[in-house]
Amino acid sequence: MLLSLVLHMHSVRCVLPAAVLLGAAPTYVLAWGAWRLLSALLPSRFYQAVDDRLYCVYQSMVLFFFENYTGVQILLYGDLPKNKENIIYLANHQSTVDWIIADILAVRQNALGHVRYVLKDGLKWLPLYGCYFSQHGGIYVKRSAKFNENQMRKKLQRYISAGTPMYLVIFPEGTRYNPELTKVISASQAFAAQEGLPILKHVLTPRIKATHVAFDSMKDYLDAVYDVTVAFEGSVDDKGQRKEAPSMAEFLCKECPKIHIHIDRIDKKNIPEEQVSMKRWLHERFEIKDKLLIEFYDSPDPERRNKFPGESVNSKLSLKKTLPSFLILSGLTAGLLMTEAGRKLYVKTWIYGTLIGCLWIISRGAAYSGRGASPEALCPDAGLTRKCCVLTQASTV
């Protein structure tokens, strides 16, 4: 019975944060939809500024759970500037927690609301979140031959023209590295050998398309590129071999004591612009990541394992940055659920918000494939495009 109670309490550690985070989604969408309506007649920069602030509030609540609640220790290596910049963030990909690592760095630069992701195409069908991430500046991409370069380029250029702050997160490997998926690793290494590139051990061979399009579109707008390497302490088995990185659920169950994050800030003038040269440069950056991770996991000296070379800084996130967001969103959600009308609105937001979001995604996809153009090309008045989406969202509220 005692063991059963311990296991039950262990599972609650994960269920409670997940319930709060998912439960607040309709509340957040309602707040965002209301701002869409109010900002319909305003210049787009006003909408974007408040949307970034709303996004910062929600992601601060995410960090309340993933940092303050779990008590994870964040160890920073390298050169993370204190001030916000327009950047491309390139990182190794191994866990569903990876997107939160970008938040962990951005909040320390007061740039949390500016984080936007290049995401794999299937994530656009996530209930509520899928449509919103696109509205916030996220870019959904398909792999290999299906990659739509024109669509990504035009969306980035629209945000740059509007002066939108950019903290663009890209995972060049395209899929998560899992040491237990040997076929995926072998295929990645075979591809590297075929291309005449060095074979990597602890990361997959990076793909160049999204990174090149992003840099080429933003090169006059960027301040720098952040090359980020992440290692989760405790992700080794009893034999000392690397195992799968913790999932979001495992992380919330406090199964990861420390996260080691190595940051290299690279000035844009040191990055080659031509695609073939950039492909080589990107692979060289992943060779550096691989060496860092080999040192972390496989160093023959036990004293050098479980850390990156160089000095680290133990960076603790203040509750002042996260607790207010948790209290605001959880309080609004609780208030909404306390009345019958609120509960009906809450349920309808989940249902109709998801359906409308999916319909919007389908309509945009049809527009892209039918005419080979972005929404902005189909509707030159960007404000009108936004107002159309407002009217769609209004039916949710």
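Heavy atoms only: backbone and side chains are in, while hydrogens, waters and symmetry mates are out. Not measured: the values here are computed from a predicted model.
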Which distance, rounded to the nearest 0.5 Å, do you find between the CG of Leu30 and the CG of Leu345?
5.0 Å

Can Glu284 and Arg280 be counted as an ion pair, charged N to O under 4.0 angstrom?
yes

Donor-acceptor pair, Asn86 side chain versus Met166 backbone, under 3.5 Å?
yes

Gap between atom CG of Asp98 and atom CD1 of Ile259 - 0.5 Å precision:
9.5 Å

Using only heavy-atom distances, determine whether the side chains of Tyr132 and Asp51 contain a donor-acceptor pair under 3.5 Å.
yes

Heavy-atom donor-acceptor pair, Asn110 side chain to Lys84 backbone, under 3.5 Å:
no

Can you check whether Phe66 reaches Asp103 side chain to side chain, under 4.5 Å on heavy atoms?
no

Sequence-distant partners of Lys183, salt bridge (Lys or Arg N to Asp or Glu O under 4.0 Å), two or more places apart
none

Glu173 side chain vs Leu204 backbone, donor-acceptor pair below 3.5 Å
yes

Which value, rounded to the nearest 0.5 Å, describes the distance between Lys209 atom NZ and Asn148 atom CG?
10.5 Å

Verdict with supporting geometry, Lys142 and Phe147, side chain to side chain contact (heavy atoms under 4.5 Å, CB included)
CA-CA 5 Å; Lys142 295 180 179 179; Phe147 178 79; 5.6 Å; no

Please confirm whether the backbone N or O of Gly130 pairs with a side-chain atom of Tyr140, one donor and one acceptor, at under 3.5 Å?
yes

Could you tell me if the ring centre of Phe171 sits under 6.0 Å from that of Tyr117?
no

Within the structure provided, determine whether His136 and Asp52 are in side-chain contact (heavy-atom separation under 4.5 Å).
yes

Minimum side-chain heavy-atom gap Val118-Met152 below 4.5 Å:
yes

Scan for side-chain hydrogen bond (donor to acceptor under 3.5 Å, both in side chains) pairs involving residues 323-339, sequence neighbours excluded, and state none if there are none.
Thr27-Thr333

Can you find a side-chain donor-acceptor pair between Tyr159 and Gln48 that sits under 3.5 Å?
no

Would Ser188 and Thr205 count as having a side-chain donor-acceptor pair, cut-off 3.5 Å?
yes

Is the shortest side-chain N to carboxylate O distance from Lys243 to Glu255 below 4.0 Å?
no

Answer yes or no: is there a side-chain heavy-atom contact under 4.5 Å between Gln109 and Pro81?
yes

Whether the side chain of Thr96 engages the backbone of Ser247 through a donor-acceptor N/O pair (distance < 3.5 Å, no angle test) should be reported.
no

Side-chain H-bond candidate by donor/acceptor type, Lys155 with Ser134, under 3.5 Å:
yes

Do Trp99 and Val115 have side chains that get closer than 4.5 Å, going by heavy atoms?
no

Glu233 versus Cys256, closest heavy-atom pair with distance:
O-SG, 3.9 Å

Determine whether a donor-acceptor pair (N or O, by modelled atom type, separation under 3.5 Å) exists between the side chain of His114 and the backbone of Leu168.
no

Are the side chains of Phe296 and Asn306 in touch, meaning some heavy atoms are under 4.5 Å apart?
yes

What residue among Lys201, Lys289, Arg304 forms salt bridge (charged side-chain N to carboxylate O under 4.0 Å, His left out) with Glu295?
Arg304

Would you mind reporting whether Met61 and Val20 have side-chain heavy atoms less than 4.5 Å apart?
yes

Test of ring centre spacing under 6.0 Å for Phe64 and Tyr69
no

Below 4.5 Å, heavy atoms only, C-beta onward: do Asn270 and Trp281 meet side chain to side chain?
no

